[in-house]
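Here the structure comes first, spelled out in structure tokens, and everything after it is commentary.
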Number of protein chains: 2
Amino acid sequence: MTNISNLFFYIIFVFMSNKCEKCIVKKFTGLQALNTEQLKCISDGKVTRTFKKGDIIFDEGDHLKGIYCVRYGIAKLSKLSTNGKDQIIKFVSNGEVLGQRSVIAQEPANLRAVAVNDMDSCFIPKNIILENLHNNAEFTLELLQNLAHELKEADDVIVNISQKPVKNRIAETLIHLEDSFGIDHEGFMIIQLSREDISNIVGTATESCIRMLSELKKEKFIETSGKRIKILERKTLKKLGEGIQN
Amino acid sequence: MTNISNLFFYIIFVFMSNKCEKCIVKKFTGLQALNTEQLKCISDGKVTRTFKKGDIIFDEGDHLKGIYCVRYGIAKLSKLSTNGKDQIIKFVSNGEVLGQRSVIAQEPANLRAVAVNDMDSCFIPKNIILENLHNNAEFTLELLQNLAHELKEADDVIVNISQKPVKNRIAETLIHLEDSFGIDHEGFMIIQLSREDISNIVGTATESCIRMLSELKKEKFIETSGKRIKILERKTLKKLGEGIQN
DNA sequence: AATAATATATGACAAATATCAGTAATCTAT
DNA sequence: ATAGATTACTGATATTTGTCATATATTATT
């Protein structure tokens, strides 16, 4: 009994942690919705999964056994092209979910997920998701709107990547990264990516990416210090990103 | 009474029409699920909406009042880039649905939908969709899997468009168009697109697209006759499309 | 702290793609 | 059937982007 009670509070703690404020998990956590068996399943060391920078959370083609709700850290989702390059599709961070598409569609993962920093996540086993998909309308609707949003973003990426020159896409990417992950006390972006990662977002050769960053630096639109990047001319970059040619 | 009865059979006819066999509408058509008011609403000339080749079904930014289930014909979904080019994101044909993302997310349309041929569709008003989203788990799940599939496709497009050269993307597009819409008795693809449309799928200049098609023609991989295109070397084109360089 | 390994940077050049100009073919509407 | 409009095609050239080589800086390892 005490055992179950402890477990209960532990799960409350995990779910209510401020890191997970927006986490989709809360949608079916009227915890009473979960039975003892499910609670046990989540608890046995499976609730929290931690990853170190560079760890592969799952790979293309993997059959996922559940979804990951990011509590702390950032993951990148990418797909290997036949030319050997890894196209980064999107980033996922605090309160966002990894792997839901594959679990919903009951298909192997289409993307690879890799930890950009050290990462903490809740793991929610597939069977709990599927059960809720059939019973919990609010939960399903939430997922639906989640995917609807992702789809819009993906469509936007298609347009940008195919129609805008590299420099504009890099400008846009920098703005987007700053908006998503914020800046530190010195004004540098929190997320630190290699030049290769940035080029894999933009869909260009690493050297081209570096060259454009150098240009932006010469034009005093950004400042760099190692991997760290600070945006100096936000408005100008934003215009550039929106396609107003430089 | 007879009036209602006629209406009933009309709707049965529309929904059960072989054109709509796979139509998502069937998921909430246990017609008894709809009340008289809903039936009336669907009937008043709104069930069937026809469009002529080139008609804009809805435009970017439009607030959709419902979704369109394609009974006959093909629509293209595209988005205008800041550079003035129209990127085609996908095609929608028999039994597939238009506008669901916007209705689900309750957001303005992100894409423009244009009829590629003369088109016939069922129009399902938004309120019926939203009602079913809250009550009809099977329907919601179906939509969810629909979006999950679209998302995967969109991610694949991102990788292809950013990493493969134009010629390969054109090869892939031709294969995809033939697979989606089939061929006539002479072996020409059913769907007839302008060179500009094809270039807007591939994300390239129209002239580049034409040049590549000419190359494919010289290499005897395809044959053309006006807008009509026939694939001659399916395997080779497919390999090309998969990224095996030529 | 020194060394190796890796990432970043830059130049020179090559390849891919876009743009512009002009012609030929096809479609559209009377 | 024909004139006008649109679309398809081709060549010449410009621009963008990629590749290769090499140097410098940064990070990791002992």
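So you know, we letter chains A, B, ... as the sequences are listed, proteins then strands, and number each from 1.
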Item checked: Smallest separation among heavy atoms of Gln87(A) and Ser162(B), with atom names -> OE1-OG, 2.6 Å
Nearest-Å distance, [atom1] ([X]) to [atom2] ([N])?
X: Leu213(B); N: dA8(D); atom1: CG; atom2: C1'; value: 10 Å
X: Ile170(A); N: dG18(D); atom1: CD1; atom2: P; value: 10 Å
X: Ile210(B); N: dT6(D); atom1: CD1; atom2: C1'; value: 12 Å
X: Arg195(A); N: dT24(D); atom1: CZ; atom2: C1'; value: 14 Å
X: Ile198(B); N: dA8(D); atom1: CD1; atom2: C1'; value: 11 Å
X: Glu207(B); N: dT16(D); atom1: CD; atom2: P; value: 16 Å

Check: Under 4.0 Å: is that the gap between some side-chain N or O of Lys217(B) and OP1 or OP2 of dC9(D)?
Finding: yes
Item checked: Salt-bridge criterion met for Glu207(B) and Arg195(B) (N-O under 4.0 Å) -> no
Next item on the list: Identify, between Thr206(A) and Ser208(B), the residue whose nearest nucleotide on DNA chain C lies closer to the 5' end.
Entry: Thr206(A)
Check: Which residue, Ser162(A) or Arg211(A), contacts DNA chain C at a nucleotide closer to its 5' end, judged by nearest heavy atom?
Finding: Arg211(A)
Item checked: Side chain to side chain, Phe51(B) and Asp120(B), heavy atoms closer than 4.5 Å -> no
Check: Heavy atoms, side chains only, cut-off 4.5 Å: are Val92(A) and Val97(A) in contact?
Finding: no
Checklist line | All side-chain contact (heavy atoms from CB on, under 4.5 Å) counterparts of Asp184(B), not counting sequence neighbours | finding: Glu186(B), Phe188(B), Ile190(B), Arg228(B)
Notebook entry, point to check: Who pairs with Glu153(A) by side-chain contact (heavy atoms from CB on, under 4.5 Å), at least two apart in sequence or on another chain?
Noted result: His149(A)
Next item on the list: Name the first nucleotide and the last nucleotide along DNA chain C (5' to 3') that come under 4.0 Å of a heavy atom in chain B.
Entry: dT17(C) to dC20(C)
